[in-house]
Amino acid sequence: MEVDICIIKPGGDHSIMEHKCHYHNRGENMLNNNLELFCKIYLDTDFDRALILPNIREVIGGELEQYSSLANENCNLYVLRNDDFHEHRRNELPDGFLFSRYLIELEPNEDVGAETYITTISRLLEGLWSRGYNAVASCDFEELLPKKGGYNPDNKL
């Protein structure tokens, strides 16, 4: 798949350089299939949702719609309490993430391409990790996400 990448140089020089990149990996075929784009992110933190949503908004933009939801130009997301939350099991390896306090459910907006949507989820994951949140994605396209969605059975969340 051919992708345009624009790089804006820092330091006041706003000239743009365009490059063509070719991806030659398993992900190339994944996007050509009818991929299920619904994504769930297990998010473990002791912070309240009222603090989590503004952090998410800082990362991917959008408007807070309700106490637990946000919408931007690429997707709608909902931060829900995980019914399977378990105070002790959330720290177990390798599958403790399944018992995280929250679930973030994401769906693409109509007319948003798969690549754009997956890039938004990638930015979200990286932003959550950089803020110290434990986050693991569960979706059909985990292989295309940074750190394969964050699942690492050998390390603690």
* **Gap separating the CD atom of E105 from the OG atom of S138, nearest 0.5 angstrom** => 10.5 Å

* Out of curiosity, does Y67 fall in the hydrophobic cluster containing L53 (side-chain heavy atoms, cut-off under 4.5 Å, transitive links)? -> no

* Asked: Given the rule in the side-chain contact (heavy atoms from CB on, under 4.5 Å) test, do L37 and F141 qualify, once you have shown the distances and angles that lead to the verdict?
  -> CA-CA 8 Å; L37 292 177; F141 48 89; 4.0 Å; yes

* For I56 and L77, run side-chain contact (heavy atoms from CB on, under 4.5 Å): C-alpha distance rounded to whole Å, both residues' side-chain angles, the deciding distance at 0.1 Å, then the answer. => CA-CA 10 Å; I56 292 172; L77 69 80; 3.7 Å; yes

* **Distance (rounded to the nearest 0.5 Å) between I60 CD1 and I121 CD1** => 8.5 Å

* To do: Enter the distance from L35:CG to C139:SG here, rounded to the nearest 0.5 Å.
  => 8.0 Å

* Drop me the distance from Y102's OH to L80's CG, to the nearest 0.5 angstrom. => 11.0 Å

* Listed by chain and number, what are the salt bridge (Lys or Arg N to Asp or Glu O under 4.0 Å) partners of E92, not counting sequence neighbours? -> R89

* Decide whether N76 and N109 meet the rule of one side-chain donor and one side-chain acceptor closer than 3.5 Å. => yes

* So E115 and I118, side-chain contact (heavy atoms from CB on, under 4.5 Å) or not? Walk me through it. -> CA-CA 5 Å; E115 297 89 354; I118 292 169; 6.0 Å; no

* Check: L103 and I41 side chains under 4.5 Å, non-hydrogen atoms -> no

* List the atom of Y117, the atom of L106, and the distance in Å for their closest heavy-atom pair. => OH-O, 3.0 Å

* To do: Begin with the C-alpha distance, continue with both residues' side-chain angles, and end with the deciding distance and a verdict on side-chain contact (heavy atoms from CB on, under 4.5 Å) for F85 and R90.
  => CA-CA 7 Å; F85 170 71; R90 70 181 177 167; 3.5 Å; yes

* Inter- and intrachain pairs under salt bridge (Lys or Arg N to Asp or Glu O under 4.0 Å), touching residues 93-102, at least two apart -> D46-R101, E87-R101

* Could you state whether W129 and L144 fall into the same hydrophobic cluster, counting links through intermediate Ile, Leu, Val, Met, Phe, Trp or Tyr residues with side-chain heavy atoms under 4.5 angstrom apart? => yes

* Go through E126 and K147 one step at a time and tell me if the salt bridge (charged side-chain N to carboxylate O under 4.0 Å, His left out) criterion holds. => CA-CA 9 Å; E126 290 175 335; K147 300 180 189 178; over 6 Å; no

* **Rounded distance (nearest 0.5 Å) linking atom CG of N82 with atom CD1 of I104** => 11.5 Å

* Asked: Quick one: CG on L64 to CG on L70, what's the gap to the nearest 0.5 Å?
  -> 5.5 Å

* Under 3.5 Å, is there a donor-acceptor pair between the Y133 and N55 side chains? -> yes

* To do: Check the hydrophobic clustering (I, L, V, M, F, W, Y; side-chain heavy atoms under 4.5 Å; chains of links allowed) and say if L145 and V59 are grouped together.
  => yes

